[in-house]
Trainee: 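Please find one structure pasted underneath; my questions will follow.
Just so we're on the same page: letters track the sequence lines, and every chain starts at 1. Note that the structure is a prediction, hence the values are computed from the model and not measured.
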Amino acid sequence: MSELEDAYRLEYFEEEGFTRQECASCGVHFWARVDRETCGEPPCDDYAFIGTPGFDETYTLEEMRETFLSFFEDQGHERIEPYPVAANRWRDDVLLTQASIYDFQPLVTSGETPPPANPLTISQPCIRMQDIDNVGKTGRHTMAFEMMAHHAFNARDDADGEYAYEGEVYWKDETVEYCDRFFESMGVDPTEIVYIEDPWVGGGNAGPAFEVIYRGLELATLVFMSMEQDPDGEYEMKDGNRYSPMDTYIVDTGYGLERWTWMSQGTPTVYEAVYPDMIDFLTDNAGIDHSAAERDLIQEAARLSGYLDVDEIDDLASARAAVADELDVDAAELTALLEPLEDVYAIADHCRTLAYMLGDGIVPSNVGTGYLARMVLRRTKRLVDGLDIDAPLDELVDMQADRLGYTNRDTIRDMVRTEERKYRETLERGRRKVESIAEEYAERAEPIPRQTLIELYDSHGIQPDMVADIARDHGAAVDVPDDFYGLVAARHGEGGDTESADERDTRLADLPETERLFYDDQERIEFEAVVLDVFEREDGYDVVLDQTMFYPAGGGQPADTGTLSTDETTVEVTDVTRRDGVVLHRTADDPGKGEFVRGRIDADRRFSLMRHHTATHIVGHAARQVLGDHVRQAGAQKDTDRARLDIRHFRRVSREEVKEIERVANELVRDNVPVTQEWPDRHEAEAEHGFDLYQGGVPPGQQIRLIHVDDDVQACAGTHVSRTGDIGAIKILGTEPIQDGVERLVFAAGEAAIEATQDTEDALYAAADTLDVDPEDVPETAERFFQEWKERGKQIDRLKEELAEVRAAATDADAVDVGDVAAVIRRMDADADELRATANAIVDEGAVAVLGSAAGGSAQFVVGVPDDVDLNAGEVVGQLAGRVGGGGGGPPDFAQGGGPDVDALDDALDDAPDVLRTIRNT
RNA sequence: GGGCCCGUAGCUCAGCGGUAGAGCACCUCCUUUGCAAGGAGGACGCCCUGGGUUCGAAUCCCAGCGGGUCCA
């Protein structure tokens with residue numbers, strides 16, 4: 001780490017008279033214009049702005065954002081619109097946007113695509129779930145925040161590769177100077193600013209960085225991203241990995257909008273500065289009312305709250321006690337005073353988090369970002385209930401959604417209400433389950449075991465403290481282990497990383513990118529090309545051409561098939577893939593390197609895939625119109641006879657909605673609008689259409705291909721029909737839930753739609769034929785038949801009872817004396833039900849019943865014994881069944897059994913009297 | 001995407017190889033007519049679907065469908 005020391009010696013520091021100093025308390029190195037004892041950051045120093053704002057003027061959140069952005073605009077930066085908080089919309093390695101630099105990873109930072117502007121400034125909404133436990137308690141942590149930033153993307157002049165930007169815009173000195181100047185524009189005395197050296201590591205990159213401290217508060221972080229992970233790298237960073245310099249180097253700054261606003265107001269906590277209206281509403285509603293003395297105490301405690309960071313202290317209670325000690329008040333009293341306020345702060349923050357998430361189209365679910373949204377919502381709900389706030393949660397979230405300017409507020413509220421209902425149901429289910437378990441253990445005077453506790457949480461989502469509460473009411477003890485969540489994690493085991501060793505074919509890397517002709521004319525099926533190379537594979541050959549009409553598998557569209565012909569031979573193309581821009585045609589035979597070939601693709605297959613692909617766009621578009629703007633693609637797969645589109649939605653799609661989607665989709669087909677493609681600059685496309693472009697993933701490159709169908713625009717590499725009318729018809733075949741929050745729509749397009757409809761009709765006609773009614777009468781008739789069938793079942797049961805009684809009445813005839821009781825031994829070939837009923841009837845007459853049957857292909861016995869007779873029916877059956885090669889058993893008064901040897905049945909029954917006598921006598 | 005739990009009467013669930021059960025709700029009668037009333041009787045089940053194991057499956061195994069939950 002010390003190897004980086006030189007990286008912090010800036011000319012700017014020299015010119016401005018900064019000196020490098022070491023904190024007497026924590027030992028970190030920092031730069032300041034005047035000599036200091038400590039680094040300025042808690043716990044080495046206290047907050048020095050609570051009640052005494054640190055800037056000349058006070059700002060609201062909106063004013064501060066605007067001030068920052070226009071300051072950097074004046075310094076030559078272009079202002080960029082913020083990205084969604086759902087970062088998985090443009091990258092697959094993270095779920096949520098946690099910093100402004102996320103917007104530009106990985107394609108811009110690696111130099112593959114250019115930034116939307118350079119340099120640029122932005123205020124990016126972010127969500128950091130890892131801060132969730134700190135929210136409300138420290139006074140400065142928020143889960144949702146805006147990171148104001150300016151970025152500059154530089155590439156080394158001596159770099160080997162080609163990069164989407166070149167040269168140096170600016171680097172460390174300018175970045176620190178901008179920071180100083182922005183502080184000065186706020187009226188800050190520059191001698192109070194401290195730059196702490198704090199190397200940064202994250203996401204495979206690293207570099208030197210400064211934390212910027214003013215009056216005890218970290219207001220900005222200036223990161224100089226310049227290294228990438230490299231096992232042979234010369235620098236070892238704090239994460240234990242080695243890093244080496246990279247060809248691009250990037251200024252990555254983060255100015256916390258909320259903290260700057262807070263600094264300007266000097267309120268006890270950041271929350272009061274950021275959303276004062278909501279805090280007022282919540283405190284009022286929760287009935288929190290403080291005396292002047294209490295308010296003073298709260299303010300005093302706030303000054304010291306910087307010590308409370310649950311990540312850095314062992315025990316919140318003792319840290320709180322230390323604060324109480326300092327203020328000379330009772331710790332319990334202080335806690336009682338602060339805790340409701342902390343919950344109010346947390347609620348306001350969580351509601352903002354939810355507004356961002358749901359507003360940006362995250363649908364609550366059991367996976368991915370949806371699961372995070374669900375967790376936040378449930379936590380918020382618990383806090384709201386804990387404070388007895390009677391405003392509905394959807395209204396609280398809506399207050400933040402309104403403030404943040406979202407337009408889909410009705411959908412947001414709908415999703416919140418749906419989630420609340422699901423949570424309530426889960427809690428009710430859990431309560432019943434825990435109650436019955438608690439009663440059981442209370443009765444046995446045992447504590448509820450850990451294993452049960454863990455299972456309740458893991459399988460039913462019931463928090464251990466809730467189990468403890470309910471158990472106490474029922475008088476059962478619970479032992480909640482300290483490392484409870486660790487035990488849960490252990491239950492899940494280790495998730496092994498699967499490494500994909502992608503062996504690069506050097507011959508392949510030397511080949512030029514294959515020209516893709518299918519974009520020029522998507523309906524052509526023949527072309528000519530030159531075979532550039534042929535790779536022998538285990539099961540055939542991969543043929544590389546200079547240009548091709550074959551579509552390689554991708555974007556949920558399967559590859560084309562067809563033939564490649566030379567003058568001498570024709571080879572079948574069975575699969576087509578694309579690697580690093582090179583299209584590989586899999587064939588059974590080698591057409592010959594350097595040969596001139598005519599390619600011909602299977603037109604029926606391709607056109608069917610095209611119809612399904614365009615239909616997928618249309619169905620998605622229609623679903624968005626019918627279900628709401630939050631609907632987006634979660635996956636898609638096209639085939640020749642059907643396609644499926646997985647969409648994010650917070651409810652099952654009803655039959656009515658399916659019909660409506662189908663109607664809207666077919667309307668678009670009948671309108672016969674043109675389907676067009678274009679290759680605009682990616683940033684222009686993003687600016688014009690937003691990230692909803694990337695329904696099927698984010699393509700690399702400076703230019704991206706867009707497909708327009710009516711108002712629908714998507715980045716898409718697939719092949720499409722030229723007019724919607726070419727699809728013919730779209731038939732939605734069904735829906736199925738893929739996971740919570742994701743519904744699959746299965747549909748067929750064109751001829752496949754007709755065939756699918758015919759298949760459905762065939763099934764109906766077959767049913768109608770069997771029932772011998774008209775197709776339209778099938779539902780009614782089926783209903784009637786089913787009712788009648790059930791009625792007959794009952795009737796048969798009644799008749800069997802009667803029959804059994806009649807049979808039993810004839811007992812005397814073939815009764816045998818077995819000691820002092822009578823036994824009826826009889827063969828009657830009937831099913832098990834009848835045997836049982838008859839045996840029961842005989843037992844009611846006071847006799848032992850031994851019945852045998854060969855019905856149903858096997859020998860069966862039923863033995864019944866009256867209450868007052870000392871004979872074990874199970875033993876009898878066991879012995880008899882043994883004689884027919886099987887087994888049996890049951891309770892002492894009524895047993896059943898049998899075996900496969902039907903021929904031995906009569907002999908077994910003949911032996912039955914002896915068996916009975918023997919068993920009675922032993 | 002992975003793990004775990006659950007599908008039985010209208011509802012909530014028990015039963016976990018041997019004749020399908022309880023509470024609530026429902027219907028009839030009695031007693032009362034005071035806030036979850038009491039008593040007697042009654043009706044109500046493709047035990048999610050399809051395979052397998054077994055003499056025998058609601059019960060065990062496999063697959064599917066449906067619901068829930070935890071984790072990444």
Trainee: Can you tell me if Tyr457(A) is stacked onto the base of rC70(B), using a 5.5 Å centroid cut-off and an angle below 30°?
Mentor: no
Trainee: Over all strands shown, is Arg431(A) touching base, sugar-phosphate only, or nothing at heavy-atom distances under 4.0 angstrom?
Mentor: nothing
Trainee: State whether Arg378(A) places a side-chain N or O below 4.0 Å from either non-bridging phosphate oxygen (OP1 or OP2) of rU69(B).
Mentor: yes
Trainee: How long is the line joining CG of Asp829(A) and P of rC55(B), in whole Å?
Mentor: 19 Å
Trainee: Would you mind classifying the nucleic acid contact of Phe861(A) as base, sugar-phosphate or nothing, using non-hydrogen atoms under 4.0 angstrom?
Mentor: nothing
Trainee: Under 4.0 Å, heavy atoms only, any strand: does Ser436(A) hit a base, just the sugar-phosphate, or nothing?
Mentor: nothing
Trainee: May I ask you to say what Gly368(A) touches in the nucleic acid, namely base, sugar-phosphate or nothing, with a heavy-atom cut-off under 4.0 Å?
Mentor: base
Trainee: Under a 3.5 Å cutoff, is there a donor and acceptor pairing between the side chains of Glu791(A) and Gln787(A)?
Mentor: no
Trainee: Once you apply a heavy-atom cut-off of 4.0 Å, does Asn366(A) come out as touching a base, just sugar-phosphate, or nothing?
Mentor: base
Trainee: If I pick the C1' atom on rC60(B) and the same atom on rC16(B), what distance separates them, to the nearest angstrom?
Mentor: 9 Å
Trainee: Going by distance alone, is a donor N or O of one side chain under 3.5 Å from an acceptor N or O of the other, for Gln795(A) and Arg792(A)?
Mentor: no
Trainee: Is the shortest side-chain heavy-atom distance between Lys638(A) and Arg644(A) below 4.5 Å?
Mentor: no
Trainee: Base, sugar-phosphate, or nothing: which does Val884(A) touch, judged by heavy atoms less than 4.0 Å apart?
Mentor: nothing
Trainee: If pairing requires Watson-Crick or G-U wobble contacts with both distances under 3.5 Å, which nucleotide is the partner of rU49(B)?
Mentor: rA63(B)
Trainee: Give me the atom names and distance for the closest heavy-atom approach of Val480(A) to Pro464(A).
Mentor: CG1-CB, 4.0 Å
Trainee: With both distances kept under 3.5 Å, what pairs with rA58(B), Watson-Crick or G-U wobble?
Mentor: none
Trainee: Identify whether any heavy atom of Lys794(A) sits under 4.0 Å from a base atom; if not, whether one sits that close to sugar-phosphate; answer base, sugar-phosphate or nothing.
Mentor: sugar-phosphate
Trainee: Measure the distance from CG on Asp740(A) to P on rG1(B) and round it to the nearest whole Å.
Mentor: 13 Å
Trainee: In terms of side-chain heavy atoms, does Gln633(A) have a donor or acceptor partner in Arg648(A) at a distance below 3.5 Å?
Mentor: no
Trainee: rC5(B), OP1 or OP2 - any side-chain N/O from Arg429(A) closer than 4.0 Å?
Mentor: no
Trainee: What is the distance, to the nearest angstrom, from the CG atom on Asn872(A) to the P atom on rG18(B)?
Mentor: 15 Å
Trainee: Taking any strand in view, what nucleotide pairs with rG1(B) in a Watson-Crick or G-U wobble way, both distances under 3.5 Å?
Mentor: rC71(B)
Trainee: Does rA9(B) have a Watson-Crick or wobble partner in any strand here, with both distances under 3.5 angstrom, and which is it?
Mentor: none
Trainee: From the options rG1(B), rC46(B), rU19(B), select the nucleotide whose nearest atom is closest to the side chain of Phe894(A).
Mentor: rU19(B)
Trainee: Quick one: is rC13(B) close enough that its OP1 or OP2 comes under 4.0 Å of any side-chain N or O from Lys433(A)?
Mentor: no
Trainee: In the structure shown, which nucleotide is the Watson-Crick or G-U wobble counterpart of rU28(B), with both distances under 3.5 Å?
Mentor: rA40(B)
Trainee: So what does Gly461(A) touch, heavy atoms closer than 4.0 Å: a base, only the sugar-phosphate, or nothing?
Mentor: sugar-phosphate
Trainee: By the 4.0 Å heavy-atom rule, please label Arg652(A) as base, sugar-phosphate, or nothing.
Mentor: sugar-phosphate
Trainee: Would Asp833(A) and Arg836(A) pass as an ion pair if we require N to O under 4.0 Å?
Mentor: yes
Trainee: Whom does rU33(B) pair with, Watson-Crick or G-U wobble, provided both distances fall under 3.5 Å?
Mentor: none
Trainee: Phosphate oxygens OP1/OP2 of rC13(B): is one of them under 4.0 Å from a side-chain N or O of Arg432(A)?
Mentor: yes
Trainee: Ignoring hydrogens and angles, are the base of rU19(B) and the side chain of Asn840(A) linked by a donor-acceptor pair under 3.5 Å?
Mentor: yes
